[in-house]
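These figures come from a predicted structure and were not determined experimentally. Hydrogens, waters and symmetry mates are skipped; everything else that's a heavy atom, side chains included, is used.
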Amino acid sequence: MSLIDNTQVLSFTFNGKAYQGYEGDTLASALLRNKVRVVGRSFKYHRPRGIMGVGSEEPNALVEIHGAGTCEPNRRATTIKLFDGLNAKSQNHMGPLNFDVLAINDFMHPFLAAGFYYKTFMWPKAFWEKLYEPVIRRAAGLGTLSKAADPDSYDKGFLHCDTLIIGAGPAGLQTALNLGLAGHNIILADDDFRMGGRLLSEDYEINLAPALNWVNETIQTLESLPNVRLMSRTSIYGVYDHGIYGGLETTTDEIGSSKPRHILWRIYAKSSILAAGATERPIAFANNDRPGVMLASAVRSYKNRFDIDLENTALLTNNDDGLQTDAAHIFDTRNGSYVTDVGGRKGVRSLTLNTGEKIAANHLAVSGGWNPNVHLTCHKRARPKWDETLRCFVPDPKTLPSDMSVIGAANGQFSTHAAFKDANDVTEKLGAKPSSLPQTEDAPINVSAFWHVKGKKRAWVDFQNDVTAKDITLAHQEGFSSVEHVKRYTTLGMATDQGRTSNVVGLAVLADTTGQSIPETGTTIFRPPYSPVPIGAFAGTHRGQHFKPTRLTPSHKYAAENGATFIETGYWKRSQWLARSGEKGWRDSVDREVLMTRSSVGICDVTTLGKIDVQGRDAGKFLNKVYVNTFSTLKVGKCRYGLMLREDGIAMDDGTTARLSETHFVTTTTTAKAGPVFRHLEFVRQCLYPDMDVHLISTTDQWAQFSVAGPNARKLLEKIVDPEFDISNEAFPYMACGELTICGGARARLFRLSFSGELAYEISVPARYGDALIREMMQKGEAFDAVLYGTEALGVMRIEKGHAAGNELNGTTTAQALGLGGFVSKKKDCIGKVLSQREGLIAEDSLQMVGFIPVSSQDKLTNGAHFIPKGETPSPETDHGYMSSVAWSPMLETYIGLGFLKNGQNRLGEVIQASHLMGNSHVDVTVVSPHFFDPKGERLRV
Amino acid sequence: MGYSAFRIFKEAVTGHKGWKPVWRKAEPLAEYDIIIIGGGGHGLATAHYLASKFDQKRIAVLEKGWIGGGNVGRNTTIIRSNYMLHENEAFYEFSLKLWEGLEQDVNYNAMVSQRGVLNLYHTDPQRDAYIRRGNAMMLNGADAKLLDAEGVRKMYPFLNFDDARFPIRGGLLQPRGGTVRHDAVAWGYAHAADKRGVDIIENCEVTAFDIQNGKCTGVQTTRGPIGAKKVGVAVAGNSGRVMAMAGMRLPIESHVLQAFVSEGLKPLLDGVITYGAGHFYVSQSDKGGLVFGGDIDGYNSYAQRGNLPVVEDVCEGGMSVMPMIGKARMLRMWGGIMDMSMDGSPIIDKTHIDGLYFNGGWCYGGFKATPASGYSFAHLLATDTYHDTAKAYRLDRFSRGYMIDEKGQGAQPNLH
Amino acid sequence: MSKLSPTLPLESFSKHWPDLTVEEHYTGELISLAIARDEESAFKPAFKKTFGKAAPEPSQIIAVKGGFAMWSSPDQYLILLEGENINADKDIAKKMGACAYATLQSDGWASINVKSDTSKNAALYDVLERFIPLNLRQAPEGFATRTSAHHIAVIVIKYSETEIQLLTPRSSARSFLDALIHTADNVLS
Amino acid sequence: MIIHHPLLGPRDASEFVYLGDASLMNRPNPKSETAAEDFHRYQYLRDNPVGQHRELWYHEQGDRSWLVVTRNTLTHDITKVELARDVARSQK
């Protein structure tokens with residue numbers, strides 16, 4: 001009945017040695033086929049370890065897959081589907097696998113008992129970090145993660161279904177058949193690359209024929225149904241709120257293939273059926289971790305599914321299920337016969353029995369009973385309950401998520417007949433008609449409570465983390481009696497297998513020690529993921545340049561053609577400066593852009609500012625609520641600066657608002673706050689003032705907007721704006737706005753606004769014309785030596801003018817601190833007004849924005865320096881504030897800065913020290929008005 | 001008998017028969033001088049310092065489950081004092097100093113490991129904010145270094161410098177920052193407090209406060225009434241629920257923060273790295289697991305579990321800054337309840353009820369605060385005055401307008 | 001006629017696979033139309049008169065006079081008009097009168113059509129299920145809604161079983177398209 | 001999580017932005033004599049219940065509705081979703 005295709009030979013290497021396996025093999029089965037016994041080393045004692053299981057429960061056989069210049073560590077050999085060219089290596093050893101230097105730890109074990117490190121390494125004080133810890137760290141860990149970037153790609157996807165069936169064993173397949181034929185939309189997922197579950201590994205019959213026939217027929221039927229999606233090699237790793245399931249599909253184990261290696265599915269299911277089967281558990285006895293000691297079910301899988309005969313096998317079982325295993329010797333604990341010790345370091349050679357007799361054997365199949373795979377029932381904090389007859393935890397219907405059913409072995413229904421019956425029952429529960437019950441075996445397990453052979457030697461409970469029964473006893477002796485404490489103190493169940501084979505045995509040993517029953521002792525919480533998930537799969541394509549979206553401005557292409565260096569502003573890329581040939585550094589470019597703008601005309605793309613269309617009869621009233629100043633009185637055709645507070649009285653954002661008609665305002669936000677401000681405005685509109693007639697539409701991407709600034713700004717625009725529109729100073733004064741046409745009829749809006757302090761306008765056109773307009777303006781501007789300037793020059797000019805920007809609107813500053821207290825209307829309420837009056841926000845010594853100029857013109861200012869009064873030692877008590885913006889002013893030929901100083905507006909003229917302690921720089925600065933350049937604002941009104 | 005290398009040797013050769021419980025399983029008495037509600041890191045530290053530094057007697061710690069089962073048992077183990085505002089920086093620096101002597105103080109190896117905390121920056125404004133912050137750290141006697149991109153590359157050459165959406169431009173490094181074996185902090189404080197006679201009472205849930213005429217005289221518990229002269233509450237994520245029993249509403253919301261650990265890996269990452277362009281921070285434990293986290297899920301929750309969008313967000317950040325971690329597998333994800341305050345900073349204060357004291361609002365920064373929180377709370381409980389480094393953590397700061405808002409996000413806990 | 005020539009956000013991109021085409025599609029003009037408060041009774045007949053039909057229901061797009069109309073948010077619709085008319089918002093506002101407010105949106109969005117070239121639509125949904133978080137396979141024809149994909153906003157319109165239109169903000173349209181093409185390549189090639 | 005939008009049906013919570021307790025809709029009267037204390041309570045103090053919680057979510061990647069969602073903070077079960085605008089109007 002084997003599922004091996006021995007006509008298809010697959011070559012692979014393990015630790016550099018070449019082997020052959022067959023299509024249908026896992027790496028584990030191929031290694032066993034080649035009689036490789038030692039495949040890894042344990043975590044702490046570095047004991048030689050072989051293959052113990054057959055699936056994701058495997059605690060020992062962890063290997064690295066190598067390829068494409070990198071490697072994937074910690075892969076269970078049992079879940080790697082063999083492929084031609086697989087290059088696998090063992091891990092966690094110093095020197096060759098068979099001669100691991102760190103195996104010394106095994107001989108040192110009396111000194112390395114649970115928690116030993118908490119009790120020592122404390123003296124001398126410095127030695128922990130300098131000596132002890134580095135040694136421990138070097139030895140720690142399992143596989144090696146390459147430092148090379150992961151070459152593989154990962155996709156994500158979204159699936160929707162009526163019912164997700166988890167596990168394609170007899171219960172899952174039968175349910176899928178039932179629901180599929182009834183027309184339900186279903187997904188059947190299984191982490192194996194073959195569907196069928198235990199039916200692939202046992203020699204059962206269904207309807208008097210080999211079970212495999214039924215499996216194949218069922219899968220064929222399911223494949224023919226359009227409403228059924230079969231997903232093999234898909235691990236359902238987590239259960240989340242409201243019917244969301246995480247699934248990890250593996251497409252290949254090969255590294256560096258061109259297709260995504262995994263697809264991370266987010267599955268939305270109206271209901272789910274857990275048919276995840278059960279996992280066999282070992283029994284703890286001396287040296288039970290030796291290579292060749294295996295789970296009995298795994299021994300049967302390797303024989304039946306993979307066609308491997310493990311020579312000279314003995315069986316230790318405490319239940320009937322184990323008795324299905326072919327064995328030369330059978331030790332049934334229920335008959336008082338069991339194994340007490342294992343001989344052979346790198347592979348079983350002999351077994352010592354409780355009678356004292358010693359027999360020769362090469363393999364020992366162990367069955368300590370079965371644990372239903374209830375993990376996924378617990379991800380939403382349900383707790384399973386102990387079943388005293390089955391001696392395992394089963395799902396507790398009382399705490400189970402209401403949209404989840406559990407069937408088959410996962411539900412403690414271990415026989416194939418019981419699985420089918422569960423499947424048909426759940427089908428009826430979901431309102432569909434079940435098909436007839438297939439005839440098959442219905443044998444009870446008859447498990448006995450035999451967990452642990454007591455003795456002086458170490459008996460392993462958690463194989464991977466090297467937790468022995470004695471460690472658990474010691475933990476209890478030291479007061480760690482809560483199961484959570486035991487887990488944390490001994491690391492039981494915290495290895496990569498998450499205690500799949502060890503949790504219940506560990507609990508049983510603890511229960512034995514405390515004299516409590518297992519249910520009184522408790523169970524630890526199962527948390528996602530059910531099986532480990534590559535971090536790369538969770539990230540998907542969002543890495544490197546694609547980590548976050550990129551937003552481009554309408555002038556991006558033109559700027560790129562003209563030497564722009566771009567800077568990240570949120571998701572936007574903006575021109576930072578545009579270098580011309582001969583310029584030695586960025587400062588040259590920025591200084592030139594400022595000087596050219598201030599002397600003639602400069603153009604800057606300001607599309608990134610948030611733009612919001614505010615329309616409605618109550619639009620003005622609405623804006624009165626959200627801004628500290630009044631907008632209802634703004635005349636049509638005019639703009640006004642506005643400051644917005646949060647309800648806690650702190651400045652949130654600022655911008656200008658233009659009134660295009662009685663019912664139509666256009667308001668702008670800062671680039672950074674466009675999203676949050678829109679959300680806030682919608683909150684005010686929908687939640688606070690739902691009866692106002694006002695509508696909000698974001699139009700940030702709709703309009704390409706350019707600032708045109710400098711003494712020749714109007715002259716340039718006169719060449720752009722169609723002649724029927726008068727934009728003279730008289731007809732279109734400072735703070736005017738209007739709709740007009742440009743370049744022979746193109747629709748545009750013009751706002752006479754200035755951030756630079758120059759005669760300036762902002763012109764906006766539908767974004768389709770953005771690229772054409774910047775080219776047209778730059779061409780027309782040649783007559784004036786017009787310059788395209790970037791965010792640096794923009795920043796210099798706004799600092800020269802003392803305008804607050806993002807650095808000042810940092811979420812902790814009030815209108816008063818920003819020097820904008822005068823804007824706050826006394827006549828009306830607005831968001832934030834009441835709380836802005838709290839004593840801490842209006843105290844005399846609170847921080848206020850002022851300007852700073854170095855006393856010595858050679859001195860450079862540092863943004864982030866703190867202000868310390870002259871002659872004082874820098875300390876928290878002498879800290880009087882901080883610098884928030886600095887720039888070299890090419891106009892004033894000095895560094896200038898904006899910053900916040902305690903009671904700053906009353907300290908103009910004072911010399912204070914700006915201390916950048918990390919840079920060991922302390923610069924004397926004079927406190928000045930923040931309006932460095934053209935303080936009376938004469939240039940912008942001409 | 002204390003813990004030492006000699007003791008381990010002796011026990012090893014005699015079969016480990018002499019080890020005694022790390023702390024006694026105490027039975028509650030009818031009355032104590034001081035009761036601490038909450039057997040987490042902060043509560044146990046408070047008890048330890050009350051007994052060892054403030055000479056207090058008759059102290060009990062009441063824990064509804066098992067000690068160290070809250071946030072001290074589920075965090076990303078980072079310690080640091082890299083804050084911008086003096087009200088915080090002074091306190092966290094005090095805490096870091098206490099960490100530096102912790103093991104000798106409590107005779108328990110919590111593996112305080114100062115391998116450096118590096119916050120990456122990616123833009124000029126971020127750099128400027130870090131300069132302001134680093135300077136504030138130094139004003140408070142802490143250590144801070146500003147690195148440029150080359151400086152970062154020297155420390156961690158495997159970070160993504162060349163193909164990044166937000167290129168690394170440098171970082172703010174605190175060499176004294178690092179990690180601590182988190183569970184051992186609870187056990188170490190319990191061990192030390194127990195030795196000084198503090199009763200640590202597990203499985204003892206407080207069900208009500210006894211409040212008469214504006215004075216708190218004790219508590220009702222699942223193990224009977226217990227009287228007390230003073231009651232201190234240090235229950236982190238459960239602050240709202242517990243203080244509601246005293247009729248108080250707090251400037252706190254409880255949120256879920258997820259954390260993650262990978263399978264064990266050979267040493268890869270020495271210190272702690274925080275990504276500045278996404279929500280991701282990471283360190284590697286002594287066992288080899290990458291311990292990492294990101295942002296809170298963002299909604300009120302007591303469920304101790306989170307959802308997928310944040311998991312993906314964190315891993316996207318991780319892959320962007322450390323593109324090799326794609327092949328590391330996430331082993332376990334879990335969620336803790338964060339007591340998110342309205343300005344992102346904690347509260348250690350008396351309440352309007354005489355004899356009732358409150359410690360909470362730790363947001364996701366409670367672990368590194370454990371020693372200073374315990375010390376300051378002990379100071380307040382013992383002397384009724386504020387410890388110097390915690391005097392700003394007052395309940396009335398919101399009504400008076402003295403918020404301590406590091407991020408400038410205002411009264412919205414999920415943004416802090 | 002203005003001498004400014006318009007540019008499409010994605011420069012008329014198109015790419016073909018066997019049985020799937022992804023291409024930038026010129027949509028004409030997009031107009032947001034909002035109902036003035038307490039003006040529903042005037043809005044309904046005005047809408048009917050202007051567009052020939054009653055306004056669509058949530059999650060719905062319908063063919064109307066001159067193009068399509070979809071529900072976009074409470075009391076708000078998005079009108080997709082065929083042909084270029086830069087003043088379409090003003091024209092509609094005039095027709096609708098005081099009961100509605102119109103805003104020009106055409107330039108804010110890039111439009112991408114994803115369609116099967118034959119009636120076989122397997123490739124279409126195999127790609128989109130790795131891209132759009134909604135259940136498009138089972139959505140009815142005329143389904144339209146706004147969501148996000150790859151961290152970018154998108155309006156999804158299912159015109160028919162074989163044709164889906166994606167509208168995404170202009171500034172990030174290139175990132176959006178890159179992600180879509182990457183996904184399609186992963187699935188189809 | 002999935003939020004059943006009253007107009008659009010089930011939508012992934014990642015399309016939404018969370019604000020907090022629905023009491024934020026009840027902005028106090030700024031003209032009241034107790035306005036300072038009223039606003040302090042409104043802005044800063046929370047019930048923060050274990051169990052049923054009425055809270056505000058904004059459908060940012062959707063129709064931009066603010067919703068009042070009644071959700072259990074211990075189990076995350078959602079029992080009611082309303083348009084905040086309708087709730088606000090009915091409270092007036």
Side-chain angles (χ1 to χ4, degrees), chain A residues 153 155-160 185 259-260 263 265-266 268 540-542 546 548-554 557 571-572 607-608 613 615-618 663-664 686 691-704 722 741-747 765-773 776, chain C residues 1-9 30 32 34-39 72-76 84 86-87 90 93 98 100-110 126 128-138 150-152 169-176 178-179 182-183 185-187 189:
Chain A
S153 69
D155 250 358
K156 291 183 191 174
F158 310 87
L159 298 175
H160 307 260
N185 272 306
K259 289 280 198 162
I263 301 152
W265 295 105
R266 195 182 292 185
Y268 300 84
T541 56
H542 300 290
H546 303 288
K548 297 284 180 193
T550 301
R551 298 180 76 180
L552 302 180
T553 63
K557 210 171 160 186
Y571 293 164
W572 291 99
T607 303
T608 62
D613 226 34
Q615 293 204 59
R617 299 185 300 269
D618 298 320
T663 58
H664 190 179
Q686 295 177 37
D691 286 322
M692 284 192 185
D693 178 41
V694 59
H695 286 273
L696 306 169
I697 301 271
S698 168
T699 58
T700 304
D701 279 17
Q702 164 64 35
W703 296 91
D722 287 338
T741 62
I742 63 169
C743 301
R747 182 173 174 182
V765 288
R768 72 188 80 169
Y769 299 127
D771 180 69
L773 177 59
E776 181 69 15
Chain C
M1 194 50 197
S2 168
K3 60 184 165 188
L4 296 182
S5 52
T7 44
L8 279 176
L30 306 184
S32 276
I35 310 176
R37 176 84 176 121
D38 294 330
E39 296 286 345
S72 56
S73 58
D75 295 338
Q76 216 177 84
E84 187 175 353
I86 194 83
N87 292 314
K90 295 184 172 177
Y101 306 108
T103 300
L104 185 66
Q105 292 273 278
S106 328
D107 304 75
W109 300 86
D126 288 351
L128 290 179
E129 77 184 8
R130 291 205 208 170
F131 198 73
I132 303 283
L134 305 173
N135 188 0
L136 294 178
R137 279 182 202 273
Q138 283 168 336
H150 285 252
H151 305 319
I152 300 173
R170 183 183 190 106
S171 60
S172 49
R174 181 53 69 174
S175 280
F176 184 88
D178 287 348
H182 181 80
T183 302
D185 279 338
N186 279 347
V187 177
S189 57

Hey, does the side chain of [X] reach the backbone of [Y] with a donor-acceptor pair shorter than 3.5 angstrom?
X: A/Arg747; Y: C/Ile86; result: yes
X: A/His546; Y: C/Ala179; result: no
X: A/His695; Y: C/Asp75; result: no
X: A/Lys259; Y: C/Asn186; result: yes

What part of [X] gets within 4.5 angstrom of chain A, counting heavy atoms only: side chain, backbone, both, or neither?
X: C/Leu8; value: neither
X: C/Ala102; value: backbone
X: C/Ile132; value: backbone
X: C/Asp185; value: backbone
X: C/Leu128; value: neither
X: C/Ser189; value: backbone

Exercise for the section: Return the set of residues passing salt bridge (Lys or Arg N to Asp or Glu O under 4.0 Å) with A/Arg266 (not counting sequence neighbours), or none when no residue passes. Expected result: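 Salt bridge (Lys or Arg N to Asp or Glu O under 4.0 Å) list for A/Arg266, sorted by chain: B/Glu312, D/Asp12.
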Practice task
Check salt bridge (Lys or Arg N to Asp or Glu O under 4.0 Å) between A/Arg768 and all other residues, then give those that pass, not counting sequence neighbours.
Solution key: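 Per chain and number, A/Arg768 pairs via salt bridge (Lys or Arg N to Asp or Glu O under 4.0 Å) with C/Glu29, C/Glu84, C/Asp107.
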Does any heavy atom of chain C fall under 4.5 Å from the side chain of [X], the backbone, both, or neither of them?
X: A/Thr541; answer: side chain
X: A/Leu552; answer: both
X: A/Ile742; answer: both
X: A/Ser698; answer: backbone
X: A/Asp691; answer: both

Practice task
Please determine, among A/Gly157, A/Gly770, A/Ala767, A/Ala772, the option with the most heavy-atom pairs under 4.5 Å with chain C.
Solution key: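 Looking at each of A/Gly157, A/Gly770, A/Ala767, A/Ala772 in turn, A/Ala767 comes out on top.
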Problem - Top contributor to chain C contacts, counting heavy-atom pairs under 4.5 Å, from A/Asp771, A/Thr553, A/Leu159, A/Ile263 - result: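 Heavy-atom pair counts peak at A/Ile263.
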Exercise for the section: Name the option with the most non-hydrogen atom pairs under 4.5 Å to chain A; the candidates are C/Ser172, C/Ser175, C/Pro133. Expected result: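 Sorted descending by pairs with chain A, the first entry is C/Pro133.
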Practice task
Could you grab the distance from atom CG of A/Asp693 to atom CD of C/Glu39, nearest 0.5 Å is fine?
Solution key: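 Output value for this atom pair is 7.5 Å.
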Problem - Atom pair CG (A/Leu696) and OG (C/Ser73), whose distance is rounded to the nearest 0.5 Å - result: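 It is 10.0 Å, given to the nearest 0.5 Å.
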Problem - Ion pair C/Glu129/A/Lys156, N-O distance below 4.0 Å - result: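 A/Lys156 and C/Glu129: not salt-bridged.
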Handout entry: No-hydrogen, no-angle side-chain donor-acceptor test under 3.5 Å, C/Thr103 and A/Gln615
Key =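 Judged by distance alone, the side chains do pair up.
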Practice task
Test side-chain contact (heavy atoms from CB on, under 4.5 Å) on A/Asp155 and C/Phe131 and set out the steps.
Solution key: CA-CA 9 Å; A/Asp155 250 358; C/Phe131 198 73; over 6 Å; no
Problem - Positive for side-chain contact (heavy atoms from CB on, under 4.5 Å) with C/Gln105, one of A/Thr699, A/Asp613, A/Asp701 - result: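 The single option meeting the side-chain contact (heavy atoms from CB on, under 4.5 Å) with C/Gln105 is A/Thr699.
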